[in-house]
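In what follows, a single structure is set out as structure tokens and then discussed.
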Amino acid sequence: RAAAVQRLMKVFVTRRIPPEGLAALSRAGDVQQWDSDEPIPQSELLAGVAGKDGLLCLLSDRIDKEVLDAAGPSLKVISTLSVGYDHLAIEEIKKRGIRVGYTPDILTDATAELTVALLLATSRRLPESVEEVKNGGWTTWKPLWMCGYGLSNSTVGIIGLGRIGQAVAHRLKPFGVKKFLYAGRHPKPEAAMELKAEFVPLAKLAEESDFVIVTCSLIPDTQGMCNRDFFCKMKKTSVFINTSRGTVVNQKDLYEALVNGHIAAAGLDVTTPEPLPADNPLLSLKNCVILPHIGSATYATRNAMSVLAANNLLAGLKGESMPSELKL
Ligand code: NDP
């Protein structure tokens, strides 16, 4: 009987995913997939979800009312291959009684590691330096050339001391950081204790940090939070890093701050939109390092994410408790 129930499950996968995940998923029965590395066109998505029981999607798929209507009442579970869920219309999903799976924890280490890499690349001007070696700009060892800012004895401010924020702080501590500050909705005494991190208002974090690192989730509260007002409060010698979501930052204001020298440099793994068009003004700046949203991109992490996303979907479809279910 279990086999018969499984055969009835129809699943749609919106992209080519690591084979480990697809193999796990194929146990669900009828798997239909947009088998490409490129995003699914909206018309294909609407047609693909119709009548499905489960949907495995990515952060680049906007799962809104239109998509949910196209899926119809059969849709019971949405599993996203991400920890962020700002691309899902949560209220609409809740109304329809659909369960949601996501991939927290398993991507924390990879994303924290990338955040540290981006911070060092930005503060020590690595892309600019590599470019100078290639274009003949490296003429001799110069005492005042390609200087940047170091972590030793610095104050680091973390916006959103969640899973990734804490993992970043623990990795930065051995670099000799003097003080950690953090901002958020609530103080987190347990997480903060080992780091001796101080819970402060956002304005104080901006004023006192030598490095500001954004690792919060994108919610209405955090949308556009890093704006002109925020950058003006930062020190002229401070470095800004964002590995959360692009829209937490007002990019026009960030551009102004970088051009006018209100801040020293910025490193972004996430932008608005994604991909960032090649003619975006931020890309013309030497003091802005932009990566193509690769926070969780290690082979092992992406494999693990695909398996967890598959297992979330399967468990949800069977009515069992999911390995990682989002509390709606
Ligand atoms: P968590 O839920 O553990 O952490 C999110 C944190 O955001 C919480 O600590 C929360 O604090 C904080 N937060 C909420 N509202 C605010 C606010 N108004 N001001 C400051 N902080 C706030 O999630 P993760 O650490 O696992 O992931 C964080 C985000 O990172 C994801 O939502 C995703 O968008 C992004 N991400 C990016 C990746 C990349 O490739 N670049 C990879 C993985 C994740 P509080 O409890 O006080 O509300």
Side-chain angles (χ1 to χ4, degrees), residues 58-62 80-88 90 100-119 121-122 156-171 180-192 195 197-206 209 212-227 229-230 240-249 266-272 274-276 289-302 304-306 308-309 324-328:
L58 313 187
L59 56 88
S60 50
D61 304 314
R62 194 139 291 283
T80 183
L81 193 82
S82 61
V83 65
Y85 48 88
D86 48 280
H87 56 300
L88 307 178
I90 293 296
V100 174
Y102 69 146
T103 63
D105 302 310
I106 53 167
L107 46 58
T108 297
D109 286 349
T111 308
E113 188 172 277
L114 188 279
T115 306
V116 173
L118 177 58
L119 184 149
T122 306
V156 170
I158 303 208
I159 301 181
L161 194 67
R163 289 173 291 248
I164 295 170
Q166 289 169 46
V168 170
H170 284 290
R171 280 161 177 75
F180 285 102
L181 306 175
Y182 71 104
R185 284 180 294 192
H186 323 281
K188 298 180 184 294
E190 259 177 55
L195 296 160
E198 189 187 337
F199 183 66
V200 294
L202 195 62
K204 186 172 155 86
L205 184 144
S209 300
V212 170
I213 307 173
V214 186
T215 52
C216 62
S217 34
L218 172 61
I219 51 173
D221 273 8
T222 59
Q223 185 149 359
M225 179 171 59
C226 299
N227 56 15
D229 186 46
F230 180 87
F240 177 82
I241 303 296
N242 182 17
T243 48
S244 66
R245 286 290 181 265
T247 31
V248 171
V249 175
L268 313 173
D269 184 44
V270 285
T271 60
T272 316
E274 292 183 5
L276 193 65
V289 177
I290 301 186
L291 301 178
H293 200 150
I294 54 168
S296 66
T298 69
Y299 292 110
T301 299
R302 289 287 168 80
M305 286 167 70
S306 74
L308 178 56
S324 290
E325 179 163 4
L326 185 66
K327 286 197 189 72
L328 298 181

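Whatever order the structure lists them in is the order used to number ligands and atoms, beginning at 1.
Rounding to the nearest 0.5 Å gives a distance of 7.5 Å between OG1 of Thr80 and CG of Asp61. Taking OG1 of Thr271 as the start and CZ of Arg245 as the end, the distance is 11.0 Å to the nearest 0.5 Å.
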Measure from every N or O atom of ligand 1 to the protein's N or O atoms and keep only the pairs below 3.5 Å, writing each with atom names and distance to 0.1 Å.
residue  : atom   : partner : partner atom : Å
ligand 1 : 3 (O)  : Arg163  : N            : 2.9
ligand 1 : 3 (O)  : Arg163  : NE           : 3.4
ligand 1 : 7 (O)  : Ser217  : N            : 3.3
ligand 1 : 9 (O)  : Gly162  : N            : 3.2
ligand 1 : 15 (N) : Arg185  : NE           : 3.4
ligand 1 : 23 (O) : Arg163  : NH2          : 3.3
ligand 1 : 25 (O) : Arg163  : N            : 3.3
ligand 1 : 25 (O) : Ile164  : N            : 2.8
ligand 1 : 26 (O) : Arg163  : NE           : 2.9
ligand 1 : 26 (O) : Arg163  : NH2          : 3.3
ligand 1 : 34 (O) : Arg245  : NH1          : 3.3
ligand 1 : 40 (O) : His293  : NE2          : 3.3
ligand 1 : 40 (O) : Gly295  : N            : 3.2
ligand 1 : 41 (N) : Thr243  : O            : 3.1
ligand 1 : 41 (N) : Asp269  : OD2          : 2.9
ligand 1 : 46 (O) : Lys188  : NZ           : 2.6
ligand 1 : 47 (O) : Arg185  : N            : 3.0
ligand 1 : 47 (O) : His186  : N            : 3.0
ligand 1 : 48 (O) : Arg185  : NE           : 2.7
ligand 1 : 48 (O) : Arg185  : NH2          : 3.0

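At most 12 heavy atoms of other shown residues, nucleotides or ligands fall within 6.0 angstrom of atom OH in Tyr85.
Applying the side chain to side chain donor-acceptor pair (under 3.5 Å) test to Asp221 and every residue at least two apart in sequence or in another chain returns nothing. Remark: Phe180 pairs with no residue by the ring pair (Phe, Tyr, Trp, His ring centres under 6.0 Å) rule, at least two apart or across chains. Applying the ring pair (Phe, Tyr, Trp, His ring centres under 6.0 Å) criterion to Tyr182, with sequence neighbours excluded, gives Phe199.
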